[in-house]
Amino acid sequence: MESTVNITENGNGLVIPQNYKKLHRLNEDHLYHLALDTQKDDLEKMFGDVRFVCFGGQPSRMEKFSAFVAEELKINDHEKDGDRPKNYASGTDRYSIHKVGPVLSVSHGIGIPSLSVVFNEIIKLIYYAKCKDVEFFRIGTCGGVGLEPGSVVVTDKAVDGEMNPYYKLTVLGKPVKRLAKVDQSLVESLLRCQEPDDEFQTVKGTTLCADDFYEGQARLDGAFCEYEEEDKMKFLQDLKEKGIRNIEMESLGFLAMCHFAGVKGAVACVTLLDRLKEDTLSCDVSMLKKWQERPQILVLRHIKKKLNKH
Ligand code: R2B
Ligand code: URA
């Protein structure tokens, strides 16, 4: 079954969850994995001014991103824990949430199942908070296919390991498909944020969203592997010919859920290696940290433009 999208209810720029009628029947809603709650927390007061929600895998990276947001947007009145931005989800160690001005930075863990849980709860959070005109971004890392490592890929199409542009999940024992329709205007807007002096290239392209880091991404260095080097290379060359520029693990679910929720969303990831040349990620931490900032830089330029702060 393919889910249909009805975003006509999202008047006034508010995000209305498809399930709002059942949500209204709840006395209180526990956003369990965020350790937030509609009774004990005044979500509108805490988060009502949020306009951009930026997701990324690791809590530490998203905390750093939040500090970067503060620096770039010149905001210093945000809530802090000592000299670090406050983690609003500190009551749990599942995910992290940092807020600086209108920008929420949220960690999503690895893979679509982990993303899906926090995505559901963030959609409800911005609904309860009455946020308006919100845009979502995934700012992440990936493996490149035939690209110089350190390049940034903005996803203009996401597919699963069988090249289908659908996020599939099982509901009440039956398969449900949700189209990962990409908001091309947001893609183009991010691409326009490139600057001639950038130390890195930014390209758009199709992203393969895998369910696994090792066999699911044709690696030879996992604990399991039932194919040979030439099978792997044939597969990856074939991906390149089909326009796949990068491989990661959340884009398909992220874009499908954005579309289904009626929220504008885009994915920008930095390539940590070229999968046509290698499988194993080096542990040159300082280089990786520098590269991880690249999609952040791009998204922040977009945010600054939207806020007229450039
Ligand atoms: C990129 O990096 C992670 C795996 O190392 C995964 O979350 C992804 O999409
Ligand atoms: N993340 C992935 O999912 N794959 C890579 O190769 C690198 C980062």
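Atoms within a ligand are numbered from 1 in the order they appear, just like the ligands themselves. Below, all heavy atoms of this structure are taken into account, side chains as well, without hydrogens, waters or symmetry copies.
The residue from Lys86, Lys80, Arg84 that alone fulfils the salt bridge (charged side-chain N to carboxylate O under 4.0 Å, His left out) condition with Glu63 is Arg84.
For Ser251 and Glu248, the side-chain atoms include at least one donor-acceptor pair closer than 3.5 Å. A donor-acceptor contact closer than 3.5 angstrom is absent between the side chains of His30 and Gln39. Using a 3.5 Å distance cut-off with no hydrogens or angles, the side chains of Gln201 and Ser151 do pair a donor with an acceptor.
Residues lining ligand 1 at a heavy-atom distance below 4.0 Å are given as Ile110, Arg138, Thr141, Phe213, Glu248, Met249, Glu250, ordered by chain and residue number.
Clustering ILVMFWY residues whenever any of their side-chain heavy atoms sit less than 4.5 angstrom apart, transitively, puts Met233 in the very cluster that holds Ile244.
In terms of polar-atom proximity, Arg219 is counted as a contact of ligand 2, with an N or O under 3.5 Å from an N or O of the ligand. At least one N/O-N/O distance between Gln217 and ligand 2 falls below 3.5 Å.
Screening residues 208-217 for side chain to side chain donor-acceptor pair (under 3.5 Å) gives Gln217-Arg219 as the qualifying pairs, with residues at least two apart or on separate chains. Sorted by first and then second residue, the pairs that involve residues 224-243 and meet salt bridge (charged side-chain N to carboxylate O under 4.0 Å, His left out), not counting sequence neighbours, are Lys232-Asp279, Asp238-Lys242.
Every side chain to side chain contact (heavy atoms under 4.5 Å, CB included) that Lys124 has, sequence neighbours left out, goes to Leu23, Asp29, Leu31, Tyr128.
In the vicinity of Phe213, heavy-atom distances shorter than 4.0 Å reach the ligand 2 atoms 1 (N), 2 (C), 3 (O), 4 (N), 5 (C), 7 (C). The ligand atoms of ligand 2 that sit less than 4.0 angstrom from a heavy atom of Cys142 are 1 (N), 5 (C), 7 (C), 8 (C).
In this structure, Leu273 counts as a contact residue of ligand 2, since one of its heavy atoms falls inside 4.0 Å of the ligand.
Of the protein's non-hydrogen atoms, the one nearest atom 5 (C) of ligand 2 is Gly143 N, 3.3 Å.
Ionic pairing of Glu28 and Lys40 is not present here: no N-O contact between side-chain nitrogen and carboxylate oxygen is shorter than 4.0 angstrom.
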